[in-house]
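What you see is a predicted model; the values in this text were computed from it and never measured.
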Amino acid sequence: IVLIVLLLEGAETLALYEVIFGLGAVIAGLTYSCLFNARSPTQVILFNMCIFSLVLVAQTFSPNLFTVVWLALFLGIANSSLRIARNNWLMTVIDPLVFGRVMTTIPSLFLGMKAALIGVVVFVVENWGPHAAIGTLCVFQLFSHVVAWYSYRAGLSHGVLQDAVAQDIP
């Protein structure tokens, strides 16, 4: 939906969308330590997941030029903050000896999940139409939020460094 709105407006609008998204990424990079200093990486991840999902829903259900282009700023902020927080969290959870291997595996897993989700959405569109596909994507987003919140509440946010501090390991 977003791509259709942008392409109908022309290349200049697509460029503006990308510039605003990039501006959001720059803002997130420059202000991350100030804004989220008092929060754990998992709290930042959960907050930005919510922002990212709300913006996508707003762009989907109100596909006009204003919401698509100007909400790209929040997509850029949320996307970059998620990546920074995820990397910070992974650095505390994963043993430094295998960190490089894990960081090369994660993008591959994400690409596989993305391909599988595209396949599911294409199947749903062919059989039940685009509105069912949007509903399917909303269900997947809701499921990811439930899993993330459950993991946070279950204490999966503690990592190697927190365990070392709790055990007085230097």
Side-chain angles (χ1 to χ4, degrees), residues 1-7 9 12-94 99 102-118 120-121 130-131 133-159:
I1 294 172
V2 171
L3 189 58
I4 291 170
V5 169
L6 291 174
L7 292 178
E9 293 296 324
E12 297 83 13
T13 306
L14 180 60
L16 179 64
Y17 176 85
E18 294 295 331
V19 166
I20 291 174
F21 185 90
L23 181 63
V26 169
I27 290 170
L30 294 174
T31 61
Y32 180 84
S33 63
C34 299
L35 293 177
F36 300 116
N37 196 21
R39 302 282 179 222
S40 71
T42 50
Q43 290 172 329
V44 175
I45 290 169
L46 294 173
F47 175 74
N48 284 299
M49 279 178 67
C50 291
I51 296 294
F52 197 82
S53 294
L54 289 173
V55 170
L56 288 179
V57 167
Q59 287 180 336
T60 300
F61 291 110
S62 179
N64 61 44
L65 188 60
F66 178 77
T67 57
V68 168
V69 172
W70 295 108
L71 289 179
L73 178 73
F74 295 105
L75 281 180
I77 291 170
N79 186 34
S80 292
S81 296
L82 274 169
R83 289 172 186 260
I84 294 168
R86 182 191 68 210
N87 288 341
N88 286 342
W89 178 73
L90 287 173
M91 285 182 206
T92 62
V93 174
I94 298 171
F99 185 74
V102 171
M103 290 307 289
T104 57
T105 304
I106 288 176
S108 301
L109 291 174
F110 285 161
L111 284 175
M113 289 176 11
K114 186 188 246 182
L117 187 59
I118 288 171
V120 168
V121 169
H131 293 293
I134 291 172
T136 303
L137 290 175
C138 288
V139 167
F140 276 112
Q141 278 190 319
L142 182 61
F143 177 72
S144 69
H145 284 275
V146 168
V147 168
W149 281 99
Y150 173 76
S151 299
Y152 176 70
R153 294 290 180 200
L156 298 178
S157 62
H158 298 292

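- The CG atom of Asn87 sits 9.5 Å away from atom CD1 of Ile94, with the distance rounded to the nearest 0.5 Å.
- Expressed to the nearest 0.5 Å, how far OH of Tyr17 lies from OG1 of Thr13 amounts to 12.5 Å.
- Of the possible donor and acceptor atoms, one in the side chain of Asn48 sits under 3.5 Å from a partner among the backbone N and O of Val44.
- Minimum heavy-atom separation, Gly29 to Ile84: CA-CD1, 4.2 Å.
- Between Trp70 and Phe66, the ring-plane angle classifies as tilted under the 30° and 60° cut-offs.
- The distance from the CD1 atom of Ile118 to the CG atom of Leu137 is 10.0 Å, given to the nearest 0.5 Å.
- Ile106 contributes atom CD1, which lies 10.0 Å from atom OG of Ser108 (distance to the nearest 0.5 angstrom).
- Atoms CD1 and CG, on Ile20 and Leu75 in that order, are 11.0 Å from each other to the nearest 0.5 Å.
- Side-chain atoms of Ser40 come within 3.5 Å of backbone atoms of Gln43 as a donor-acceptor pair (strictly under, hydrogens ignored).
- In plain terms, the two heavy atoms of Val121 and Ala133 that are nearest each other are CG1-CB, 3.8 Å.
- Rounded to the nearest 0.5 Å, atoms CZ (Phe21) and CG (Leu73) are 10.0 Å apart.
- Looking at residues two or more places apart in sequence or on another chain, you find a ring pair (Phe, Tyr, Trp, His ring centres under 6.0 Å) between Tyr32 and Phe36.
- Shortest non-hydrogen contact noted between Trp89 and Ile45 is CB-CD1, 4.4 Å.
- Other residues, nucleotides and ligands contribute only 12 or fewer heavy atoms inside 6.0 Å of the CZ atom of Phe74.
- Of all non-hydrogen atoms in His145 and Ser53, the two that sit nearest each other are NE2-OG, 2.7 Å.
- Shortest non-hydrogen contact noted between Ala28 and Ile77 is CB-O, 3.6 Å.
- Of all non-hydrogen atoms in Leu71 and Val55, the two that sit nearest each other are O-CG1, 3.5 Å.
- Within a 6.0 Å sphere centred on CZ of Arg86, heavy atoms belonging to other residues, nucleotides or ligands number more than 12.
- Under a 3.5 Å cut-off, the side chain of Thr67 and the backbone N or O of Asn64 do form a donor-acceptor pair.
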